[in-house]
Each structure stands twice: as C-alpha cells, then as structure tokens.
**Q** 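I'd like to ask you about the structure that follows.
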Amino acid sequence: MLISDRMPARFPLTATPTPVQRVRRLEAAIGGAELYVKRDDLIGFGFAGNKARKLELLVADALDQGADVLVTGGGPTSNHVQATAAAARVADLDCVLLCYGAPPAVEQPSLAFARSFGADVRFTGDFRRESVDEGLPVLIDDLRAAGRRPYGIPRGGATALGAVAYVLAVDELAAQLDLLGVAPATVVVATGSGGTQAGIVAGTVRSDRGWRVVGASVSRPVAECGRRVLELARSAAELCGSPPATTADVMVHDARGPGYGRPAAEGDEAARLAANREGLLLDPVYTAKAMAHALRIAAEDRRSPVLFWHTGGVPLLSNPVGER
Ligand SMILES: Cc1ncc(COP(=O)(O)O)c(C=O)c1O
C-alpha cells in the first residue's frame, strides 16, 4: 500500500491528539532545559499507549485483507499483546497470542487483560524471545489449515505500516508545537522493537523538522537496535512516498541498565521524580529508563528544549518486578 497522496486506512481506536504538556516542576528539579511531554500514555484505548496508534493501521489492513483473527506474540508482560487483544475485540476479530516461556506462576496484568478481552493465549515453552518469531509463522499456517483467515503481526507491531502510525503522529505533534511556539532540540522515546522510533525518525525527515530523535533502547544492543530502526524508518518512508532516513538520523542510546525488564536505578529515580513533581506515572521497563535519558539531556544543555514522548506502559506499573 502506497501512502504518498492519501491517508492510510485507519480503524479508529485512539483519542488523538494526545496532549503536549510542559513539566516545569521536573525542569526545576533538574535545573535543566524546557521539558515537554507528549502524552501517548493518555491515548484513550485499553491502556495501550504507543501500541494503539500502530494497531489503528494494522487492524484496518487486517480488515481490508478479510482476516478473521489477529495473531501476534511477545512476553507475558507485553503491552503489545494486551493492546492487540483489546483492538481485536472492537474490530469483531478473534485474537491468538503466542508468548515465550511457560504460563507464569503469578498471572501478569497484561495477560490477565488479554484473557479478559477474550484472547486465546498460548506459550512457546521456550524462554528465548525469538521463540515467538519462530513460532508465529507455524501458528499462522496451522490456523490457515484449520480454515481461519489469520493476520500476523510481529512482536511489538514492528512493521513498516505500524511505523507509519508514528510518521502521522509526528504531523500531529508538529502542529501542536507550532501552536505553542515551541521548537524542541531533541525528542526522546523508549525503544523496544523499534517501530515507534522508526516512525518518528521517518516523520521528522518527512516534515523537515530540525530536532534530533533519540531512542532509549531498553531491550536490544545499540547497534542492532539502530539497524532495525533505520530499516523500518526507510520502509515506512517508502510507504509514505517520502525521503528515506540516513544513518545520521538514527540515534540510539543504551538504556538497558541491568537488562530488559529489570528496573535500573537511574530509571527508578526518574520515575520517582516524575511522580513526585508532576504526578506523572512511568513504568520501570520502558518509560522510566527513557525519561532518565531525557532528564540527562535536558540537564546537559539548559538552552535546548527537550520533548519526552511518553509511550504508555501503565499495565506494567502493577508489575514492578518486570519481565522474567
Ligand atoms: C510502554 C512502551 N513504550 C515503548 C515501547 C517500545 O516501542 P517499540 O516496540 O515500537 O520500540 C513499548 C513496546 O512494547 C512499550 O510497551
């Protein structure tokens, strides 16, 4: 599908535009630059955060292709699996989820939500995250053999079309910033599977905005993450018929700390400050670690405004131990 001269089909889930807010108390606490937050945690659908924007396009594509079941996967604490289950419900589709590992001893909030949304939850029996990537094609073939019309979505919704959602979100943000008369020097976002940062990068290049986009990688090593983001940004730009990003457009910082899903001291401190000064909630797996980077960048140069793109993660708040 080429999206150069028309909007992609969108199955409406979100309540956008999400607000852009200045967080002056947080600025004062770090003695740093102007700091703004784009509140995709308030996306208005199923606590789905950034996943809701991607799913609007992916579900529309699934319906367009005549699918009757969404098939995706991730970890037992994945926001993406829970968000996909919720989106399937309102699109009158079934949902089959493949999680790595085995059923957790303690039910995780994301899976509990997904089950309450009617999803069929299965496990790979293998604790490697890649076991989901290996298992999804097999599951999709099995469903097809059983007469179903599956629509497969990779982990994190990281496809070119999913990333296009954030190309469009950049237009939304740019219009809001123009109204506010604000020009951030840096936009910081949490990066996992890479689709969100890729869309923001492609959207930034497309709209010729001068800010740099920094992804705080919470799960993958920086080099691998950078390669994924660039590839997805280029594929998204191709769909949009807009200029491709270059390696210089993709900046990734290592925000893993002790590892994916394990809280980091710096992230915990950022979450504590955000809650204590602004009543702003950050989850320990994604957004707290990314906010720690945003605060560091804002503290380094007081003259250069920073925008932190809040991507949600609310269900993870009830799971402070994180991924196992
Ligand atoms: C709260 C939150 N923030 C950020 C991300 C990362 O987004 P992406 O996978 O598009 O890099 C995720 C992905 O699961 C998430 O749940």
Side-chain angles (χ1 to χ4, degrees), residues 14 18-19 21 23 26 35-55 74-86 99 104 106-114 129 155-158 166 169 187-197 200 214-220 225 253-296 307-324:
T14 64
T18 55
Q21 295 169 338
V23 283
L26 208 40
L35 184 61
Y36 296 85
V37 181
K38 172 72 171 155
R39 300 288 307 269
D40 275 11
D41 54 322
L42 305 178
I43 202 83
F45 177 73
F47 297 127
N50 59 335
K51 306 303 177 193
R53 288 190 193 265
K54 298 180 188 187
L55 283 163
T77 59
S78 162
N79 290 312
H80 167 68
V81 299
Q82 163 227 316
T84 305
C99 293
V106 181
E107 179 75 310
Q108 301 297 311
S110 304
L111 281 193
F113 283 134
R129 283 188 260 162
R155 278 192 289 149
Y166 269 87
V187 171
V188 180
V189 68
T191 295
S193 62
T196 304
Q197 186 184 350
I200 297 173
V214 172
S217 177
V218 300
S219 62
R220 290 177 167 81
C225 192
H253 290 186
D254 193 344
R256 290 172 296 169
Y260 177 57
R262 298 183 192 285
E266 212 192 359
D268 287 352
E269 175 58 13
R272 192 191 63 74
L273 264 184
N276 185 266
R277 301 301 162 105
E278 300 285 348
L280 184 69
L281 295 174
L282 302 172
D283 79 277
V285 179
Y286 294 95
T287 52
K289 288 177 174 179
M291 177 61 100
H293 278 259
L295 294 181
R296 197 183 310 147
L307 181 129
F308 172 72
W309 206 314
H310 196 322
T311 43
V314 175
L316 292 167
L317 287 167
S318 46
N319 180 39
V321 183
E323 195 96 9
R324 269 172 260 267

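Basis for what follows: all heavy atoms, side chains included, without hydrogens, waters or symmetry-related copies.
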**Q** To check you understand the geometry: which heavy-atom pair defines the closest contact between Leu42 and Pro19, and what is its length?
**A** CD1-CG, 4.1 Å
**Q** Less than 4.5 Å apart, any side-chain heavy atom of Arg220 and any of Tyr260?
**A** no
**Q** If you compare all heavy atoms of Leu111 against all heavy atoms of Glu107, which two are closest, and at what distance to 0.1 Å?
**A** CB-OE1, 3.9 Å
**Q** Using the test side chain to side chain contact (heavy atoms under 4.5 Å, CB included), find all partners of Ala288 that sit at least two apart in sequence or belong to another chain.
**A** Ala271, Leu282
**Q** Look up atom OG in Ser193 and atom NE2 in His80, then write down how far apart they are to the nearest 0.5 Å.
**A** 8.0 Å
**Q** Would you mind reporting whether Val187 and Val214 have side-chain heavy atoms less than 4.5 Å apart?
**A** no
**Q** Are side-chain N/O atoms of Gln108 and Thr77 paired as donor and acceptor at under 3.5 Å?
**A** no
**Q** Within the 4.5 Å heavy-atom criterion, are Pro104 and Pro76 side-chain neighbours or not?
**A** yes
**Q** For Arg39, what residues pass the side-chain hydrogen bond (donor to acceptor under 3.5 Å, both in side chains) criterion, not counting sequence neighbours?
**A** Gln21, Asp41
**Q** Please report the shortest heavy-atom distance between Leu280 and His310, naming the atom on each side.
**A** CD1-CD2, 4.0 Å
**Q** Is there a side-chain contact between Val314 and Asp283, using heavy atoms and a 4.5 Å cut-off?
**A** no
**Q** Let me see the working for Ser217 and Asp254 under side chain to side chain donor-acceptor pair (under 3.5 Å), right down to the final yes or no.
**A** CA-CA 5 Å; Ser217 177; Asp254 193 344; 5.7 Å; no
**Q** Which value, rounded to the nearest 0.5 Å, describes the distance between Leu307 atom CG and Leu35 atom CG?
**A** 8.0 Å
**Q** Who pairs with Arg277 by salt bridge (charged side-chain N to carboxylate O under 4.0 Å, His left out), at least two apart in sequence or on another chain?
**A** none
**Q** Indicate the atoms forming the closest heavy-atom contact of Ala270 with Leu295, along with that distance.
**A** CB-CD1, 4.0 Å
**Q** Could you pull out all residues at least two apart from Asn79 that satisfy side-chain hydrogen bond (donor to acceptor under 3.5 Å, both in side chains)?
**A** none
**Q** Measure from the side-chain N and O atoms of Thr191 to the backbone N and O of Gly194, and report whether any donor-acceptor pair falls under 3.5 Å.
**A** no
**Q** Mind listing the closest non-hydrogen atom pair of Ala190 and Tyr286 along with its distance?
**A** CB-O, 3.6 Å
**Q** For the side chain of Lys54 and the backbone of Gly156, is there at least one donor-acceptor N/O pair under 3.5 Å apart?
**A** yes
**Q** Please name all residues satisfying side-chain hydrogen bond (donor to acceptor under 3.5 Å, both in side chains) with Asp40, sequence neighbours left out, ordered by chain then number.
**A** Thr18, Arg53, Tyr166, Trp309
**Q** Looking at side-chain heavy atoms only, is the closest gap between Phe308 and Thr287 below 4.5 Å?
**A** yes
**Q** Heavy atoms only: give me the nearest Val81-Gly75 pair and the separation to one decimal.
**A** CG2-O, 4.2 Å
**Q** Does any N or O in the side chain of Lys289 come within less than 3.5 Å of the main-chain N or O of Arg256, such that one atom is a donor and the other an acceptor?
**A** yes
**Q** Check side-chain hydrogen bond (donor to acceptor under 3.5 Å, both in side chains) between Asn276 and all other residues, then give those that pass, not counting sequence neighbours.
**A** none
**Q** Tell me whether Phe47 at atom CZ has more than 12 heavy atoms from other residues, nucleotides or ligands lying less than 6.0 Å away.
**A** no
**Q** Look at the side chain of Gln82 and the backbone N and O of Gly46, then say whether any donor-acceptor pair between them is shorter than 3.5 Å.
**A** yes
**Q** If you measure from CD on Glu266 to CE on Met291, what distance do you get to the nearest 0.5 Å?
**A** 12.5 Å
